[in-house]
Amino acid sequence: MTENRQIIIDSLPTDRLEPGNYALRTVEAPAPGDGEVLCRTLAITIGAGQRAGLQGSASYAGAPRAGIVMSGTAVARVEASNDDAVPAGSLVVCPAGWQDYSVHEAAKVRVVDEGRGGDPAHHLGVYGTNGLTAYFGLFDVGGPEEDQTVVVSAAAGSVGHLVGQMAKTAGCRVVGVAGGEAKCRLLTEDLGFDAAVDYKSPDFRGDFKEATSDRIDIYFDNTGGEVLGSALRRMKVGGRIVCCGVVSQYDTSKPAPGPFGVPGLLINFRVRMEGFLVFDYAKRYPEAWTRMREWVEAGELVPKQDVFEGLENAPEAFVDLLAGGNVGTRIVRVAS
Ligand SMILES: NC(=O)c1ccc[n+]([C@@H]2O[C@H](COP(=O)([O-])OP(=O)(O)OC[C@H]3O[C@@H](n4cnc5c(N)ncnc54)[C@H](OP(=O)(O)O)[C@@H]3O)[C@@H](O)[C@H]2O)c1
(Lines give C-alpha, C1' and ligand atoms only; values in the text may rest on other atoms or scores of the structure.)
Protein backbone atom coordinates (compact mmCIF):
# COMPACT_ATOMS: atom_id res chain seq x y z
CA MET A 1 0.00 0.00 0.00
CA THR A 2 1.16 3.56 -0.76
CA GLU A 3 0.74 5.69 2.33
CA ASN A 4 -0.97 9.06 2.06
CA ARG A 5 -0.29 11.51 4.87
CA GLN A 6 -3.12 13.99 5.37
CA ILE A 7 -3.45 17.07 7.55
CA ILE A 8 -7.05 17.26 8.68
CA ILE A 9 -8.93 20.05 10.43
CA ASP A 10 -9.30 18.51 13.87
CA SER A 11 -11.30 21.38 15.36
CA LEU A 12 -12.37 24.82 14.12
CA PRO A 13 -10.51 27.67 15.82
CA THR A 14 -12.55 29.49 18.45
CA ASP A 15 -10.13 32.41 18.61
CA ARG A 16 -6.58 32.47 17.17
CA LEU A 17 -5.63 29.55 14.97
CA GLU A 18 -3.21 27.10 16.59
CA PRO A 19 -1.29 24.14 15.18
CA GLY A 20 -3.40 22.02 17.58
CA ASN A 21 -6.46 22.74 15.41
CA TYR A 22 -4.94 20.24 12.96
CA ALA A 23 -4.07 16.54 13.15
CA LEU A 24 -1.95 14.28 10.97
CA ARG A 25 -3.36 10.96 9.83
CA THR A 26 -2.14 8.33 7.39
CA VAL A 27 -4.48 6.52 5.00
CA GLU A 28 -4.07 4.53 1.81
CA ALA A 29 -3.39 6.58 -1.33
CA PRO A 30 -6.47 6.79 -3.60
CA ALA A 31 -6.64 5.19 -7.07
CA PRO A 32 -7.75 7.19 -10.12
CA GLY A 33 -10.98 6.20 -11.90
CA ASP A 34 -11.95 6.77 -15.55
CA GLY A 35 -10.87 10.20 -16.78
CA GLU A 36 -8.99 10.85 -13.54
CA VAL A 37 -5.36 11.42 -12.55
CA LEU A 38 -3.45 10.54 -9.38
CA CYS A 39 -1.32 13.52 -8.29
CA ARG A 40 1.73 13.44 -6.00
CA THR A 41 1.94 16.76 -4.15
CA LEU A 42 5.29 18.52 -4.54
CA ALA A 43 4.45 21.79 -2.78
CA ILE A 44 1.42 23.61 -1.43
CA THR A 45 0.85 27.29 -0.93
CA ILE A 46 -0.70 28.83 2.15
CA GLY A 47 -2.47 32.18 1.88
CA ALA A 48 -4.11 34.43 4.42
CA GLY A 49 -7.49 34.01 2.75
CA GLN A 50 -7.59 30.38 3.92
CA ARG A 51 -8.09 31.71 7.44
CA ALA A 52 -11.21 33.52 6.18
CA GLY A 53 -12.37 30.11 4.92
CA LEU A 54 -11.97 28.65 8.42
CA GLN A 55 -13.74 31.66 9.91
CA GLY A 56 -16.72 31.16 7.59
CA SER A 57 -16.32 34.63 6.07
CA ALA A 58 -15.21 33.53 2.57
CA SER A 59 -18.32 33.07 0.43
CA TYR A 60 -16.50 30.89 -2.14
CA ALA A 61 -15.22 28.42 0.50
CA GLY A 62 -18.60 27.37 1.91
CA ALA A 63 -19.21 26.59 5.59
CA PRO A 64 -16.08 25.50 7.48
CA ARG A 65 -16.11 22.08 9.10
CA ALA A 66 -13.83 19.80 11.07
CA GLY A 67 -12.81 16.25 10.14
CA ILE A 68 -11.85 16.95 6.52
CA VAL A 69 -8.50 17.40 4.76
CA MET A 70 -7.43 21.04 4.88
CA SER A 71 -7.96 22.53 1.43
CA GLY A 72 -5.17 24.14 -0.54
CA THR A 73 -3.62 24.50 -3.96
CA ALA A 74 -0.60 22.43 -4.92
CA VAL A 75 1.88 21.94 -7.67
CA ALA A 76 1.98 18.19 -8.23
CA ARG A 77 3.36 15.44 -10.47
CA VAL A 78 0.86 13.12 -12.17
CA GLU A 79 1.83 9.61 -11.06
CA ALA A 80 -0.93 7.68 -12.84
CA SER A 81 -3.42 8.80 -15.46
CA ASN A 82 -6.60 7.49 -17.04
CA ASP A 83 -6.83 10.37 -19.48
CA ASP A 84 -4.48 10.79 -22.47
CA ALA A 85 -4.79 14.59 -22.27
CA VAL A 86 -2.84 14.60 -18.98
CA PRO A 87 -0.27 11.81 -19.14
CA ALA A 88 1.69 10.44 -16.20
CA GLY A 89 4.71 12.64 -15.52
CA SER A 90 2.87 15.93 -16.23
CA LEU A 91 3.46 18.82 -13.85
CA VAL A 92 0.10 20.23 -12.79
CA VAL A 93 -1.54 22.73 -10.46
CA CYS A 94 -4.49 21.20 -8.64
CA PRO A 95 -6.62 21.64 -5.51
CA ALA A 96 -4.82 18.79 -3.73
CA GLY A 97 -5.36 19.88 -0.15
CA TRP A 98 -2.78 19.24 2.54
CA GLN A 99 -1.87 15.66 1.65
CA ASP A 100 0.68 13.60 -0.27
CA TYR A 101 -1.68 12.13 -2.90
CA SER A 102 -4.97 13.27 -4.41
CA VAL A 103 -7.20 12.21 -7.30
CA HIS A 104 -8.79 14.68 -9.71
CA GLU A 105 -10.76 14.75 -12.93
CA ALA A 106 -8.10 15.30 -15.58
CA ALA A 107 -10.09 18.22 -17.01
CA LYS A 108 -9.89 20.04 -13.67
CA VAL A 109 -6.11 20.15 -13.25
CA ARG A 110 -3.97 22.74 -15.02
CA VAL A 111 -0.92 21.37 -16.82
CA VAL A 112 1.97 23.82 -16.48
CA ASP A 113 4.88 24.35 -18.79
CA GLU A 114 7.95 23.15 -16.93
CA GLY A 115 10.35 24.89 -19.27
CA ARG A 116 8.91 28.40 -18.86
CA GLY A 117 7.77 28.72 -15.28
CA GLY A 118 11.21 28.59 -13.65
CA ASP A 119 10.90 27.19 -10.14
CA PRO A 120 7.74 25.01 -10.08
CA ALA A 121 6.67 26.85 -6.91
CA HIS A 122 6.22 30.03 -9.02
CA HIS A 123 3.02 28.40 -10.29
CA LEU A 124 1.72 28.82 -6.74
CA GLY A 125 2.97 32.37 -6.27
CA VAL A 126 3.38 34.87 -9.05
CA TYR A 127 1.56 32.66 -11.63
CA GLY A 128 -0.84 31.34 -9.00
CA THR A 129 -3.95 32.79 -7.38
CA ASN A 130 -2.10 35.54 -5.52
CA GLY A 131 -0.24 36.82 -8.59
CA LEU A 132 -3.52 36.89 -10.52
CA THR A 133 -5.18 38.66 -7.60
CA ALA A 134 -2.49 41.33 -7.59
CA TYR A 135 -2.80 41.77 -11.36
CA PHE A 136 -6.58 42.04 -11.74
CA GLY A 137 -7.10 43.91 -8.47
CA LEU A 138 -4.53 46.54 -9.40
CA PHE A 139 -5.14 46.95 -13.12
CA ASP A 140 -8.87 46.27 -13.44
CA VAL A 141 -10.27 47.51 -10.15
CA GLY A 142 -7.61 50.11 -9.33
CA GLY A 143 -6.80 51.39 -12.85
CA PRO A 144 -3.38 52.95 -12.14
CA GLU A 145 -2.00 55.75 -14.30
CA GLU A 146 1.53 57.08 -14.57
CA ASP A 147 2.71 59.27 -11.65
CA GLN A 148 -0.23 58.30 -9.46
CA THR A 149 0.36 57.24 -5.85
CA VAL A 150 -0.50 53.64 -5.02
CA VAL A 151 -0.51 52.44 -1.41
CA VAL A 152 -0.69 48.73 -0.59
CA SER A 153 -1.08 47.05 2.80
CA ALA A 154 0.40 43.67 3.84
CA ALA A 155 2.94 44.93 1.31
CA ALA A 156 5.63 42.34 2.01
CA GLY A 157 3.12 39.48 1.74
CA SER A 158 2.31 37.36 -1.27
CA VAL A 159 -0.26 39.59 -2.96
CA GLY A 160 1.20 42.82 -1.62
CA HIS A 161 4.79 42.53 -2.83
CA LEU A 162 3.51 41.77 -6.34
CA VAL A 163 1.01 44.65 -6.34
CA GLY A 164 3.74 47.14 -5.45
CA GLN A 165 6.10 45.93 -8.15
CA MET A 166 3.34 45.83 -10.77
CA ALA A 167 2.37 49.40 -9.89
CA LYS A 168 5.99 50.41 -10.54
CA THR A 169 5.73 48.92 -14.05
CA ALA A 170 2.81 51.33 -14.59
CA GLY A 171 5.01 54.30 -13.58
CA CYS A 172 3.35 54.88 -10.21
CA ARG A 173 4.82 56.09 -6.93
CA VAL A 174 4.39 53.15 -4.55
CA VAL A 175 4.09 53.17 -0.77
CA GLY A 176 3.97 49.86 1.11
CA VAL A 177 2.58 49.33 4.60
CA ALA A 178 4.04 46.36 6.49
CA GLY A 179 4.82 45.17 9.99
CA GLY A 180 8.34 45.90 11.22
CA GLU A 181 11.47 47.69 10.05
CA ALA A 182 13.00 44.66 8.31
CA LYS A 183 9.99 44.22 6.00
CA CYS A 184 9.91 47.95 5.27
CA ARG A 185 13.62 47.92 4.37
CA LEU A 186 13.10 44.97 2.04
CA LEU A 187 10.35 46.85 0.21
CA THR A 188 12.41 49.96 -0.47
CA GLU A 189 15.88 48.41 -0.81
CA ASP A 190 15.12 45.17 -2.69
CA LEU A 191 11.74 45.58 -4.36
CA GLY A 192 11.80 49.18 -5.62
CA PHE A 193 9.01 50.65 -3.47
CA ASP A 194 9.38 54.42 -3.09
CA ALA A 195 8.49 54.42 0.60
CA ALA A 196 7.40 51.97 3.29
CA VAL A 197 5.61 52.55 6.57
CA ASP A 198 5.64 50.26 9.61
CA TYR A 199 2.07 49.99 10.89
CA LYS A 200 3.35 48.58 14.20
CA SER A 201 5.37 51.73 14.95
CA PRO A 202 3.92 54.08 17.62
CA ASP A 203 4.43 56.88 15.04
CA PHE A 204 2.43 55.08 12.33
CA ARG A 205 -0.17 57.80 11.79
CA GLY A 206 2.48 60.53 11.38
CA ASP A 207 4.75 58.35 9.24
CA PHE A 208 1.83 57.38 7.02
CA LYS A 209 0.82 61.02 6.55
CA GLU A 210 4.38 61.94 5.63
CA ALA A 211 4.72 59.06 3.13
CA THR A 212 1.43 60.09 1.47
CA SER A 213 2.01 63.85 1.50
CA ASP A 214 0.55 64.08 -2.04
CA ARG A 215 -2.37 61.94 -0.88
CA ILE A 216 -3.41 58.58 -2.39
CA ASP A 217 -4.86 57.78 -5.82
CA ILE A 218 -5.22 54.02 -5.22
CA TYR A 219 -5.24 52.18 -1.93
CA PHE A 220 -4.99 48.39 -2.42
CA ASP A 221 -6.40 47.05 0.82
CA ASN A 222 -5.29 43.61 1.99
CA THR A 223 -5.91 44.24 5.67
CA GLY A 224 -8.93 46.37 6.53
CA GLY A 225 -8.66 47.59 10.15
CA GLU A 226 -6.46 50.48 11.21
CA VAL A 227 -4.54 50.75 7.94
CA LEU A 228 -7.77 51.08 5.95
CA GLY A 229 -9.00 53.67 8.48
CA SER A 230 -5.82 55.70 7.96
CA ALA A 231 -5.88 55.38 4.15
CA LEU A 232 -9.49 56.59 3.99
CA ARG A 233 -8.37 59.91 5.44
CA ARG A 234 -5.56 60.35 2.93
CA MET A 235 -7.43 59.67 -0.34
CA LYS A 236 -7.36 62.12 -3.23
CA VAL A 237 -10.61 63.33 -4.72
CA GLY A 238 -11.63 60.66 -7.24
CA GLY A 239 -9.39 58.00 -5.65
CA ARG A 240 -10.08 54.25 -5.65
CA ILE A 241 -9.93 51.76 -2.80
CA VAL A 242 -9.44 48.18 -3.99
CA CYS A 243 -10.92 45.86 -1.35
CA CYS A 244 -8.91 42.66 -1.70
CA GLY A 245 -8.94 41.17 1.79
CA VAL A 246 -9.29 41.79 5.51
CA VAL A 247 -6.38 39.92 7.07
CA SER A 248 -6.43 42.06 10.23
CA GLN A 249 -9.85 40.55 11.04
CA TYR A 250 -9.42 36.88 10.06
CA ASP A 251 -7.66 35.33 13.02
CA THR A 252 -10.42 35.92 15.53
CA SER A 253 -14.00 34.94 16.24
CA LYS A 254 -14.89 38.59 16.88
CA PRO A 255 -13.96 40.64 13.80
CA ALA A 256 -14.21 44.39 14.38
CA PRO A 257 -16.76 46.41 12.40
CA GLY A 258 -15.63 48.40 9.36
CA PRO A 259 -13.84 51.72 9.81
CA PHE A 260 -15.36 54.95 11.00
CA GLY A 261 -15.90 57.35 8.11
CA VAL A 262 -17.62 55.02 5.63
CA PRO A 263 -19.56 56.29 3.78
CA GLY A 264 -18.94 59.93 4.79
CA LEU A 265 -15.32 60.13 3.61
CA LEU A 266 -16.17 58.31 0.38
CA ILE A 267 -18.75 60.96 -0.35
CA ASN A 268 -16.59 63.95 0.55
CA PHE A 269 -13.63 62.72 -1.52
CA ARG A 270 -15.74 61.07 -4.27
CA VAL A 271 -13.86 57.82 -3.67
CA ARG A 272 -14.85 54.52 -5.27
CA MET A 273 -14.42 51.57 -2.88
CA GLU A 274 -14.83 48.23 -4.67
CA GLY A 275 -14.39 44.61 -3.72
CA PHE A 276 -13.44 41.85 -6.13
CA LEU A 277 -12.79 38.11 -6.27
CA VAL A 278 -10.03 36.90 -8.54
CA PHE A 279 -12.03 33.87 -9.69
CA ASP A 280 -14.35 36.20 -11.64
CA TYR A 281 -11.42 36.89 -14.00
CA ALA A 282 -10.73 33.22 -14.84
CA LYS A 283 -11.27 33.68 -18.58
CA ARG A 284 -8.58 36.36 -18.64
CA TYR A 285 -5.89 34.50 -16.68
CA PRO A 286 -3.82 33.83 -19.86
CA GLU A 287 -3.51 37.58 -20.45
CA ALA A 288 -2.13 38.05 -16.93
CA TRP A 289 0.28 35.10 -17.24
CA THR A 290 1.70 36.52 -20.47
CA ARG A 291 2.34 39.95 -18.97
CA MET A 292 3.68 38.62 -15.68
CA ARG A 293 6.07 36.27 -17.46
CA GLU A 294 7.40 39.21 -19.49
CA TRP A 295 8.00 41.25 -16.33
CA VAL A 296 9.65 38.33 -14.53
CA GLU A 297 11.91 37.57 -17.49
CA ALA A 298 12.84 41.26 -17.76
CA GLY A 299 13.64 41.40 -14.02
CA GLU A 300 10.90 43.99 -13.40
CA LEU A 301 8.91 41.64 -11.19
CA VAL A 302 10.84 39.71 -8.57
CA PRO A 303 8.63 37.06 -6.95
CA LYS A 304 9.61 36.21 -3.38
CA GLN A 305 8.95 32.86 -1.75
CA ASP A 306 9.10 31.83 1.80
CA VAL A 307 9.58 28.09 2.22
CA PHE A 308 8.71 25.68 5.03
CA GLU A 309 9.88 22.10 4.64
CA GLY A 310 7.59 19.12 5.23
CA LEU A 311 3.84 18.54 5.03
CA GLU A 312 3.73 17.94 8.80
CA ASN A 313 4.84 21.58 9.30
CA ALA A 314 1.97 23.09 7.29
CA PRO A 315 -0.11 24.02 10.39
CA GLU A 316 2.85 25.85 11.94
CA ALA A 317 3.53 27.55 8.59
CA PHE A 318 -0.08 28.81 8.53
CA VAL A 319 -0.07 30.10 12.13
CA ASP A 320 3.27 31.81 11.51
CA LEU A 321 1.95 33.48 8.32
CA LEU A 322 -0.97 34.99 10.22
CA ALA A 323 1.53 36.40 12.72
CA GLY A 324 3.46 38.06 9.89
CA GLY A 325 6.29 35.52 9.64
CA ASN A 326 6.30 35.39 5.84
CA VAL A 327 7.88 37.49 3.12
CA GLY A 328 6.31 36.85 -0.27
CA THR A 329 4.40 33.64 -0.98
CA ARG A 330 4.45 30.98 1.68
CA ILE A 331 5.23 27.57 0.22
CA VAL A 332 5.37 24.23 2.03
CA ARG A 333 7.55 21.73 0.20
CA VAL A 334 6.09 18.27 0.47
CA ALA A 335 8.27 16.21 -1.89
CA SER A 336 11.16 16.89 -4.24
N1 LIG B 1 -10.04 39.09 -3.38
C2 LIG B 1 -9.43 37.98 -3.79
O3 LIG B 1 -9.82 37.35 -4.78
C4 LIG B 1 -8.24 37.49 -3.02
C5 LIG B 1 -7.48 36.41 -3.49
C6 LIG B 1 -6.33 36.03 -2.76
C7 LIG B 1 -6.00 36.72 -1.58
N8 LIG B 1 -6.81 37.72 -1.15
C9 LIG B 1 -6.49 38.49 0.08
O10 LIG B 1 -5.21 39.07 -0.08
C11 LIG B 1 -4.71 39.38 1.23
C12 LIG B 1 -3.25 38.94 1.31
O13 LIG B 1 -3.23 37.52 1.26
P14 LIG B 1 -1.85 36.75 1.10
O15 LIG B 1 -2.19 35.33 0.86
O16 LIG B 1 -0.99 37.48 0.13
O17 LIG B 1 -1.23 36.83 2.55
P18 LIG B 1 0.12 37.49 2.97
O19 LIG B 1 -0.01 38.96 2.74
O20 LIG B 1 1.26 36.77 2.34
O21 LIG B 1 0.21 37.17 4.53
C22 LIG B 1 -0.58 37.83 5.44
C23 LIG B 1 0.16 39.07 5.98
O24 LIG B 1 -0.79 39.87 6.62
C25 LIG B 1 -0.14 40.70 7.54
N26 LIG B 1 -0.98 40.85 8.74
C27 LIG B 1 -1.35 39.90 9.63
N28 LIG B 1 -2.12 40.44 10.60
C29 LIG B 1 -2.23 41.76 10.28
C30 LIG B 1 -2.89 42.87 10.90
N31 LIG B 1 -3.60 42.72 12.04
N32 LIG B 1 -2.80 44.08 10.31
C33 LIG B 1 -2.09 44.24 9.17
N34 LIG B 1 -1.43 43.24 8.55
C35 LIG B 1 -1.51 42.02 9.10
C36 LIG B 1 1.19 40.00 7.88
O37 LIG B 1 2.25 40.84 7.48
P38 LIG B 1 2.84 42.00 8.45
O39 LIG B 1 4.13 41.45 8.98
O40 LIG B 1 3.01 43.14 7.51
O41 LIG B 1 1.84 42.22 9.53
C42 LIG B 1 1.19 38.74 7.04
O43 LIG B 1 2.44 38.46 6.50
C44 LIG B 1 -5.61 38.65 2.23
O45 LIG B 1 -6.48 39.59 2.82
C46 LIG B 1 -6.39 37.66 1.35
O47 LIG B 1 -7.65 37.36 1.88
C48 LIG B 1 -7.90 38.11 -1.85
Side-chain angles (χ1 to χ4, degrees), residues 16-17 44-55 57-61 72-73 124-126 128-138 140-142 151-166 175-187 191 193 196-201 204 208 219-231 241-252 254-256 259 274-282 284-285 288 303-308 317-332:
R16 285 184 168 254
L17 183 74
I44 53 175
T45 182
I46 301 182
Q50 288 172 268
R51 181 65 182 88
L54 286 179
Q55 192 186 42
S57 58
S59 58
Y60 52 87
T73 306
L124 300 176
V126 62
T129 302
N130 282 349
L132 294 162
T133 299
Y135 181 90
F136 289 108
L138 177 66
D140 272 65
V141 186
V151 174
V152 55
S153 55
S158 181
V159 173
H161 85 294
L162 297 170
V163 168
Q165 294 181 76
M166 288 181 196
V175 178
V177 180
E181 280 178 31
K183 284 192 178 183
C184 289
R185 256 198 320 276
L186 171 109
L187 295 175
L191 298 181
F193 284 53
V197 186
D198 175 5
Y199 75 90
K200 292 181 176 167
S201 158
F204 170 62
F208 188 71
Y219 170 53
F220 193 108
D221 186 29
N222 285 316
T223 60
E226 191 195 348
V227 187
L228 171 59
S230 300
I241 297 179
V242 180
C243 296
C244 177
V246 200
V247 67
S248 73
Q249 305 303 319
Y250 289 161
D251 201 16
T252 173
K254 294 188 189 71
E274 183 177 344
F276 76 102
L277 281 176
V278 66
F279 315 114
D280 293 339
Y281 294 87
R284 288 179 51 204
Y285 287 175
K304 292 265 176 202
Q305 288 172 20
D306 188 295
V307 181
F308 261 59
F318 194 9
V319 170
D320 181 72
L321 170 118
L322 295 167
N326 66 308
V327 168
T329 304
R330 175 134 289 175
I331 302 288
V332 177

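One-based numbering along the sequence shown. Just so you know, ligand 1 is whichever comes first in the structure, and atom 1 is the first atom listed for that ligand.
The atoms of ligand 1 that sit less than 4.0 Å from any heavy atom of G49 are 46 (C), 47 (O). Ligand 1 places these atoms under 4.0 Å from at least one heavy atom of G47: 15 (O). Proximity to A178 (heavy-atom distance under 4.0 Å) selects the following atoms of ligand 1: 40 (O). Numbered from 1 in the order shown, with element, the atoms of ligand 1 that lie under 4.0 Å from a heavy atom of V247 read 24 (O), 26 (N), 35 (C), 45 (O). Listed by number with element, the atoms of ligand 1 under 4.0 angstrom from any heavy atom of S248 are 30 (C), 31 (N), 32 (N).
In this structure, the side chain of Q165 does not engage the main chain of L162 through any donor-acceptor pair within 3.5 Å. Under a 3.5 Å cut-off, the side chain of Q55 and the backbone N or O of Q249 do form a donor-acceptor pair. Side chain of S153 to main chain of V177: no donor-acceptor pair is present (N/O by atom type, distance under 3.5 Å, no hydrogens or angles). Judged by distance alone, the side chain of D221 and the main-chain N or O of C243 form no donor-acceptor pair under 3.5 Å.
Looking at N130, N326, T129, D306 one by one, the single match for side chain to side chain donor-acceptor pair (under 3.5 Å) with S158 turns out to be N130. Among the candidates L321, D251, I46, V247, the single residue satisfying the side-chain contact (heavy atoms from CB on, under 4.5 Å) test with R51 is D251. Exactly one of V278, T329, N222 qualifies for a side-chain contact (heavy atoms from CB on, under 4.5 Å) with V159. That residue is N222.
Looking at atom 36 (C) of ligand 1, its nearest protein heavy atom turns out to be G324 CA, 3.6 Å. From the protein, the heavy atom lying nearest to atom 3 (O) of ligand 1 is V278 N, 2.8 Å. Nearest non-hydrogen protein atom to atom 11 (C) of ligand 1 is N222 OD1, 3.4 Å. If you check which protein heavy atom lies closest to atom 28 (N) of ligand 1, you get L322 O, 3.7 Å. The nearest heavy-atom contact from the protein to atom 23 (C) of ligand 1 is A154 CB, 4.2 Å. Scanning the protein heavy atoms around atom 42 (C) of ligand 1, the nearest turns out to be L321 O, 3.4 Å. For atom 19 (O) of ligand 1, the closest non-hydrogen atom of the protein is G157 CA, 3.3 Å. When hydrogens are left out, the protein atom nearest atom 4 (C) of ligand 1 is T133 CG2, 3.6 Å; that is the closest non-hydrogen contact.
In this structure Y250 satisfies the ring pair (Phe, Tyr, Trp, His ring centres under 6.0 Å) test with no other residue, sequence neighbours excluded. Judged as a ring pair (Phe, Tyr, Trp, His ring centres under 6.0 Å), and not counting sequence neighbours, the contacts of F136 are Y281.
Under the 4.0 angstrom criterion for non-hydrogen atoms, C244 is in contact with ligand 1.
Under 4.0 Å from ligand 1, the heavy atoms of V246 that appear belong solely to its backbone. At a heavy-atom cutoff of 4.0 Å, ligand 1 is contacted by the side chain of K183 but not by its backbone.
For the pair S158 and ligand 1, the shortest N or O to N or O distance falls below 3.5 Å. Polar contact with ligand 1: present for G179 (N/O pair, distance under 3.5 Å). Geometrically, ligand 1 and V159 share a nitrogen or oxygen pair separated by less than 3.5 Å. Annotation: L277 places no N or O atom under 3.5 Å from an N or O atom of ligand 1; distance criterion only. Ligand 1 has an N or O atom lying under 3.5 Å from an N or O atom of A48, backbone or side chain.
Taking NE2 of H161 as the reference point, atom CD of Q305 lies at 8.5 Å (rounded to 0.5 Å). Remark: R330 CZ to K304 NZ distance equals 14.5 Å, nearest 0.5 Å. Of the inter-residue distances, the one linking D320 atom CG with L322 atom CG reads 9.0 Å to the nearest 0.5 angstrom. With values rounded to the nearest 0.5 angstrom, T133 atom OG1 is found 7.0 Å from F279 atom CZ.
Closest approach of L54 to F318, counting heavy atoms only: CD1-CE2, 4.0 Å.
Around atom 2 (C) of ligand 1, the closest heavy atom drawn from F276, Y250, Y199 belongs to F276. By heavy-atom distance, the residue among N326, T329, N130 lying nearest atom 20 (O) of ligand 1 is N326.
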